Amino acid sequence: MGELSAAKCDKRVEATGLTVCPGFIDAHSHSDTYLLIEPSAASKIHQGITTEICGNCGASAAPLNGAYQLPADWLDKEYAQLPDAHTCASVGTLPWGTVGEYRHLYDTVSPAINAALLVGHNTLHAGICGYDPRSATPDELNAMRHALEQALDEGAIGLSSGLAYPPGSAVSREELIELARIVAQRGGLYATHMRSESGGLLEAIDEAVDIAERAGARLQISHLKASGQSNWNKLGLALEKIRTAQAGVEIGSDRYPYTAGSTDLDICLPQWASYGGRDAILERVRDPATRKKIRTELLAHPPGHWDNVMIGSTQFEAFKGRYLTEVAEALQLNEVDALLHLIDADDLKTGGIFFSMAEENLWKVLAEPYVSIGSDGSMRAPTGPLSSDHPHPRAYGSHTKFLRAALDGKTVPLPEAIRKMTALPAAQFGLKKRGLLKEGHAADIVVFNPAQVRENTTYAHPHQLSGGMRHVFVNGCHTLADGRPTGNRAGRFLAR
């Protein structure tokens, strides 16, 4: 952009009747390792996404230390074909260990989109302290500080926590404050999947604000929601708490435009049964006496509790995209026994999709001026190594669904909708020279047809690319042309 009267061009893009805007930023992604093995980033590029914020919910691809194991959906993928392999004995042979090595590998592979990386608190804690339900000792906390400092020095943009998941669910608030303080001193931010998004939602917001305030850190509340029908009425109070706290703390948030969430199915286990790492969890599920105890607790849920649980990714092809009640009927078991069967037989690799949120609340959250759009999903592609599972449709449709809603007048006006996918997340995460069409900024550009923008993905058939994106440029590289991938890739690791 600028004075171009004397410039020559090699290519002209006809944009009459189309909308030109900055490339979209996925403010909450889990594509860390997927972008390395499927660098086409198909599900994202076809939504107009040119940058993702990775390392969310306390889990990041790096740094890899000690006892830390990658999440199951990352761990079971093949990385041997990637260049510049480094041996990381604690987690097997992977082509990276530190954030610096991951960054180098990312730029070597050059995926189609950019990525910035948060350091996962669970990644740090599990690597140095293990998976037992406890806080770090003083020496361990000091080691975590050093590991975080190194990661930030090597380009990470902040710290994320996943306080609904072990081992983070057992740590003290003080441990998080100490680590968030380091991030604050270096200009990063603290993003959190809070301890509760249901019954303890209001208390979890208080904790998140307290951590950020005492650490002096900017706060990002991940996928803001009120989960469970009995908690839907808490959303108004939650939003009021955030607005009040913004007088003293810089607070942002993100949300995906769906009323179902998704995570591993073993999130349904009692919290005491979820500590110690994968082997310990499976040992409990497979021990008859302990399984009986788990079963008894799960059976205590009220009637109808399992009606809104859908099975996502699993090795059992016939169960993908089917409700747990249907699976139970097929297995001739009750819902709890069917749940435990899947968790056991699939080695903790079964995903769950949980229909637990109110449509009205969804649009209230998305209208908040500090809420950007984050898919909370990993990128996928209809073919290749990431095409055989059963993801939540948010991986393919979050940004196009929200954009379609804005175009149809169902949410905020179009300029505000675009801000929520561009300038807002760029500012929240400190992405330099991104998120605006401005002289001197990176040429991340989307050209879309307003009449054709749509999500094609569904819960039953998720691997469907979005429509309406005509051209996508990433760092000036024409990555999508006339709605088709060019094969050219110029994505970069975006350091702090």
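All of these numbers come straight from a predicted model, not from anything done at the bench.
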>> Once rounded to the nearest 0.5 Å, what's the spacing between atom CG of Asn449 and atom CE of Met469?
In response: 10.0 Å

> Do Met379 and Leu386 have side chains that get closer than 4.5 Å, going by heavy atoms?
Replying inline: yes

> So, for Asn114 and Ala490, which heavy atoms are closest and what is the spacing to 0.1 Å?
Replying inline: OD1-O, 4.3 Å

> How would you list, by chain and number, every residue that makes a salt bridge (charged side-chain N to carboxylate O under 4.0 Å, His left out) with Asp376, sequence neighbours excluded?
Replying inline: Arg394

> Who passes salt bridge (charged side-chain N to carboxylate O under 4.0 Å, His left out) against Arg492, sequence neighbours left out?
Replying inline: none

>> Quick check for you: to the nearest 0.5 Å, what is the distance between Thr123 atom OG1 and Leu64 atom CG?
In response: 8.0 Å

> Any chance the side chains of Lys44 and Ser375 put a donor and an acceptor closer than 3.5 Å?
Replying inline: yes

> Does Glu178 have any salt bridge (charged side-chain N to carboxylate O under 4.0 Å, His left out) partners at least two apart in sequence or in another chain, and if so, which?
Replying inline: Arg145, Arg181

>> Tell me every residue that passes salt bridge (charged side-chain N to carboxylate O under 4.0 Å, His left out) with Glu207, counting only those two or more places apart in sequence or in another chain.
In response: Arg173, Arg195

> Under the 3.5 angstrom rule, does the side chain of Arg470 hit a backbone N or O of Val447 as a donor-acceptor pair?
Replying inline: no

> Using the ring of each side chain (for Trp, its six-membered ring), is His392 parallel, tilted or perpendicular to Tyr459, with breaks at 30° and 60°?
Replying inline: perpendicular

> Got a second to check how far Thr400's OG1 is from Asn456's CG, nearest 0.5 Å?
Replying inline: 8.0 Å

>> In this structure, is the centre-to-centre distance between the rings of Tyr79 and Trp96 below 6.0 Å?
In response: yes

> Is there side-chain contact between Asp389 and His463, with at least one heavy-atom pair below 4.5 Å?
Replying inline: yes

>> Other residues, nucleotides and ligands only: do more than 12 of their heavy atoms fall within 6.0 Å of NZ on Lys410?
In response: no

> With a 4.5 Å limit on heavy-atom distance, are the side chains of Leu403 and Met421 in contact?
Replying inline: yes

Can you give each donor-acceptor pair under 3.5 Å made by side-chain atoms of residues 158-172, sequence neighbours left out, with the distance rounded to 0.1 Å?
from: Ser160; atom 1: OG; to: Gly55; atom 2: O; distance (Å): 2.6
from: Ser160; atom 1: OG; to: Gly58; atom 2: N; distance (Å): 2.9
from: Ser161; atom 1: OG; to: Tyr190; atom 2: OH; distance (Å): 2.8
from: Ser161; atom 1: OG; to: Thr192; atom 2: OG1; distance (Å): 2.8
from: Tyr165; atom 1: OH; to: Thr263; atom 2: OG1; distance (Å): 3.1
from: Ser169; atom 1: OG; to: Tyr165; atom 2: O; distance (Å): 3.4
from: Ser169; atom 1: OG; to: Tyr275; atom 2: OH; distance (Å): 2.8
from: Ser172; atom 1: OG; to: Ser135; atom 2: OG; distance (Å): 3.4
from: Ser172; atom 1: OG; to: Glu175; atom 2: N; distance (Å): 3.3

> Of the non-hydrogen atoms in Tyr396 and Arg380, which two are nearest, and what is the gap between them?
Replying inline: OH-CB, 3.3 Å

>> When you measure from the centre of the six-membered ring of Tyr258, is the NZ or CZ of Lys401 closer than 6.0 Å and no more than 45° off the axis?
In response: yes

> Which atoms form the tightest heavy-atom contact between Pro450 and Thr19, and what is the distance?
Replying inline: CG-OG1, 3.4 Å

>> Taking the side chain as everything from C-beta on, heavy atoms only, tell me whether Cys129 gets closer than 4.5 Å to Met144.
In response: yes

> Residues in side chain to side chain contact (heavy atoms under 4.5 Å, CB included) with Thr383, at least two apart?
Replying inline: none

> When rounded to the nearest 0.5 angstrom, what distance separates CG in Leu424 from CD in Glu416?
Replying inline: 7.5 Å

